Amino acid sequence: LQRYKGLNICMWKVILIICTLGNPCVIMEEDPIKTYKSKDDCLAVAQEKEADIINTFSQYGYAVTDTRADCETDPHGI
């Protein structure tokens with residue numbers, strides 16, 4: 001957490017984990033990394049991106065076996 005004028009400021013970044021049949025799971029982040037002021041805002045974006053990735057991987061013939069959309073704090077985001 002970073003301090004700004006006496007307040008704790010915590011920024012969040014999207015993390016996606018995608019597992020496909022016959023391949024190792026892949027951890028993905030936005031590139032360039034974007035940060036969000038609240039975990040709820042971040043999770044909304046993460047869930048949209050998760051749905052997009054599942055759709056795209058399926059279109060290319062990958063069998064998606066597991067996914068996880070989450071957010072973690074970014075110590076560098078402010």
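The residues of the chain are indexed from 1 along the displayed sequence. Here the structure is a predicted model, which is why all the values come from computation and not from measurement.
Residues forming a salt bridge (charged side-chain N to carboxylate O under 4.0 Å, His left out) with Glu48 (at least two apart in sequence, or on another chain): none. Among residues two or more places apart in sequence or in another chain, the ring-ring contact (aromatic ring centres under 6.0 Å, His included) test is passed with Tyr62 by Phe57. Applying the side chain to side chain donor-acceptor pair (under 3.5 Å) test to Thr56 and every residue at least two apart in sequence or in another chain returns nothing. Listed by chain and residue number, Arg68 satisfy the side chain to side chain donor-acceptor pair (under 3.5 Å) test with Asp70 (two or more places apart in sequence, or in another chain). Taking Lys37 as the reference, nothing meets the salt bridge (charged side-chain N to carboxylate O under 4.0 Å, His left out) condition, with sequence neighbours excluded.
Here the CD1 atom belonging to Ile18 is positioned 12.0 Å from the NZ atom belonging to Lys49, to the nearest 0.5 angstrom. Atom CD of Glu29 sits about 8.0 Å away from atom CG of Asp74, to the nearest 0.5 Å. Atom CE of Met11 and atom CG of Asp41 lie 9.5 Å apart (nearest 0.5 Å). Atom CG of Asp52 sits about 9.5 Å away from atom CG of Leu16, to the nearest 0.5 Å. Rounded to the nearest 0.5 angstrom, Ile17 CD1 and Thr67 OG1 are separated by 9.5 Å.
Residues in residues 24-56 take part in no ring pair (Phe, Tyr, Trp, His ring centres under 6.0 Å) pair, two or more places apart or across chains.
When hydrophobic clusters are built by joining Ile, Leu, Val, Met, Phe, Trp and Tyr residues whose side-chain heavy atoms come closer than 4.5 Å, directly or via intermediates, Ile27 is not grouped with Val14. One hydrophobic cluster, built from ILVMFWY side chains closer than 4.5 Å, cannot hold both Val64 and Ile15; they sit in different ones.
For the residue pair Asn23/Thr20, the side-chain donor-acceptor check at 3.5 Å is satisfied.
Inter-residue side-chain proximity for Met28 and Val26 is flagged as met; some heavy-atom pair is nearer than 4.5 Å. Considering only heavy atoms from C-beta on, Thr73 comes within 4.5 Å of Trp12 through its side chain.
Closest approach of Cys71 and Lys39 over heavy atoms only: O-CE, 4.1 Å.
Residues Glu30 and Lys13 are not paired through a salt bridge, judged by the lack of any N-O separation under 4.0 Å between the basic side chain and the carboxylate.
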